[in-house]
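The analysis underlying the following values was restricted to heavy atoms, covering all of them including side chains, and did not include hydrogens, waters or symmetry mates.
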Amino acid sequence: MSDFIFIGSVFCALISAYLLFFNKIGLQTFSDKILATLFLSYSYCVIGYLLISSGWLIYVPFLYKTSAPVNYLIPPLAFIYVRSVLNNESKFHKKDLIHLMPFLIIGINYIPLYTAEYNDRYEVVKLVVQSYDKNYLIQDGFISENIQFMRPIQSVVYLFFQWKILIKFQQKNINSPFKDHTTMILNWLRKFSYGISFTILTFLIF
């Protein structure tokens, strides 16, 4: 049952990303592109999980752990999306490059896996499909799989700053001359942040 929920969420996320990237009616903004990229990243990571849980990964072993680095893009993208909407930003800041560091670290760590022979990756995938726990027990990169503890830490840190800038903006603009418009935007960003919070909470529990 849970797999069907995941499949449905991926379908909705992909449709949303398409509409955000190819919006022909309204004004396409920088924030739209950030949100669309977030949806695509989320979808790819969920598909990676579904391939393992369903056992279908055995047919595409070359995709094993290709979503691992992408997981580390989701928290910063959510944070940057909220920040860009609140500040009406139209481009990235130079300092935003630092947000890519976890993604690059994990990607570099798994170079031995990504460059391994097909048969070697196939044997690893067979073990993982038989027991999902081996996804976190078999060392596939340069560093121990304990490096994955970066992910919950990163998620909580970004979630904290996401809520911080949202609450700070709300307090600063409580008497804004564009109160109705500001309230509408804040209502959406709160719902968005609650959704991200729920996702992170369930991830930490499971």
Side-chain angles (χ1 to χ4, degrees), residues 1-14 17 34 36-80 96-162 195-206:
M1 180 64 181
S2 61
D3 284 358
F4 285 109
I5 295 174
F6 281 127
I7 293 171
S9 67
V10 168
F11 177 77
C12 292
L14 291 176
I34 296 295
T37 305
L38 170 63
F39 284 151
L40 290 177
S41 300
Y42 164 79
S43 299
Y44 191 70
C45 293
V46 172
I47 289 171
Y49 163 76
L50 289 173
L51 285 174
I52 297 177
S53 65
S54 66
W56 294 347
L57 186 63
I58 201 76
Y59 302 110
V60 283
F62 54 87
L63 292 180
Y64 178 53
K65 281 200 173 172
T66 55
S67 63
V70 181
N71 277 307
Y72 291 85
L73 291 178
I74 295 174
L77 282 172
F79 166 76
I80 293 173
D96 285 335
L97 288 172
I98 195 170
H99 299 303
L100 289 175
M101 289 304 296
F103 167 79
L104 294 174
I105 290 172
I106 298 300
I108 292 171
N109 178 58
Y110 288 126
I111 285 178
L113 176 66
Y114 299 150
T115 57
E117 294 291 334
Y118 179 89
N119 289 337
D120 293 335
R121 294 181 73 171
Y122 181 79
E123 291 302 320
V124 173
V125 167
K126 278 203 304 185
L127 294 174
V128 172
V129 168
Q130 291 169 5
S131 175
Y132 186 82
D133 290 345
K134 288 185 170 59
N135 185 44
Y136 300 101
L137 297 176
I138 300 174
Q139 182 172 335
D140 297 311
F142 294 115
I143 308 172
S144 163
E145 288 305 302
N146 288 332
I147 194 175
Q148 293 295 348
F149 280 111
M150 284 176 53
R151 187 178 166 199
I153 294 172
Q154 183 212 35
S155 298
V156 171
V157 169
Y158 273 99
L159 186 62
F160 169 78
F161 284 107
Q162 182 174 323
I196 295 295
S197 301
F198 177 75
T199 302
I200 291 174
L201 178 63
T202 53
F203 163 67
L204 293 175
I205 291 173
F206 287 107

Engineer: Sort out for me which residue in Leu63, Asn71, Ile74 forms a side-chain contact (heavy atoms from CB on, under 4.5 Å) with Tyr44.
Structural biologist: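 Single side-chain contact (heavy atoms from CB on, under 4.5 Å) partner of Tyr44 among Leu63, Asn71, Ile74: Leu63.
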Engineer: Roughly how far apart are Leu77 CG and Tyr72 OH, rounded to 0.5 Å?
Structural biologist: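 Separation between the atoms: 15.0 Å.
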Engineer: Do Ile105 and Ile147 pass the side chain to side chain contact (heavy atoms under 4.5 Å, CB included) test, and can you show the C-alpha distance, the side-chain angles, and the key distance before you say yes or no?
Structural biologist: CA-CA 10 Å; Ile105 290 172; Ile147 194 175; 4.0 Å; yes
Engineer: More than 12 non-hydrogen atoms from neighbouring residues, nucleotides or ligands closer than 6.0 Å to CZ on Phe11, yes or no?
Structural biologist: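 Incorrect, the count does not exceed 12.
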Engineer: For Ile108 and Ile111: C-alpha separation, side-chain torsions, deciding distance, then whether side chain to side chain contact (heavy atoms under 4.5 Å, CB included) applies.
Structural biologist: CA-CA 5 Å; Ile108 292 171; Ile111 285 178; 4.2 Å; yes
Engineer: Please set out all donor-acceptor pairs under 3.5 angstrom arising from side-chain atoms of residues 199-206, sequence neighbours excluded.
Structural biologist:
residue	atom	partner	partner atom	Å
Thr199	OG1	Gly195	O	2.9
Thr202	OG1	Phe198	O	3.1
Thr202	OG1	Thr199	O	2.8

Engineer: Any side-chain heavy-atom pair from Glu145 and Ile138 closer than 4.5 angstrom?
Structural biologist: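 Side-chain contact under 4.5 Å: no.
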Engineer: Which value, rounded to the nearest 0.5 Å, describes the distance between Ile34 atom CD1 and Asp96 atom CG?
Structural biologist: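 The CD1 atom of Ile34 sits 8.0 Å away from the CG atom of Asp96.
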Engineer: Can any side-chain N or O of Asn109 pair as donor or acceptor with the backbone N or O of Ile143 at less than 3.5 Å?
Structural biologist: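 Yes.
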Engineer: Check the pair Ser67 / Tyr49 against side-chain hydrogen bond (donor to acceptor under 3.5 Å, both in side chains), numbers first and verdict last.
Structural biologist: CA-CA 9 Å; Ser67 63; Tyr49 163 76; over 6 Å; no
Engineer: Can you check side chain to side chain contact (heavy atoms under 4.5 Å, CB included) on Leu113 and Asp120, steps first, answer last?
Structural biologist: CA-CA 9 Å; Leu113 176 66; Asp120 293 335; over 6 Å; no
Engineer: Within this structure, what is the OH-OH distance for the pair Tyr64 and Tyr122, rounded to the nearest 0.5 Å?
Structural biologist: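 Taking OH in Tyr64 and OH in Tyr122, the distance rounds to 15.0 Å.
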Engineer: Go through the steps for Gln162 and Tyr158 under the test side chain to side chain contact (heavy atoms under 4.5 Å, CB included), then give the verdict.
Structural biologist: CA-CA 6 Å; Gln162 182 174 323; Tyr158 273 99; 5.8 Å; no
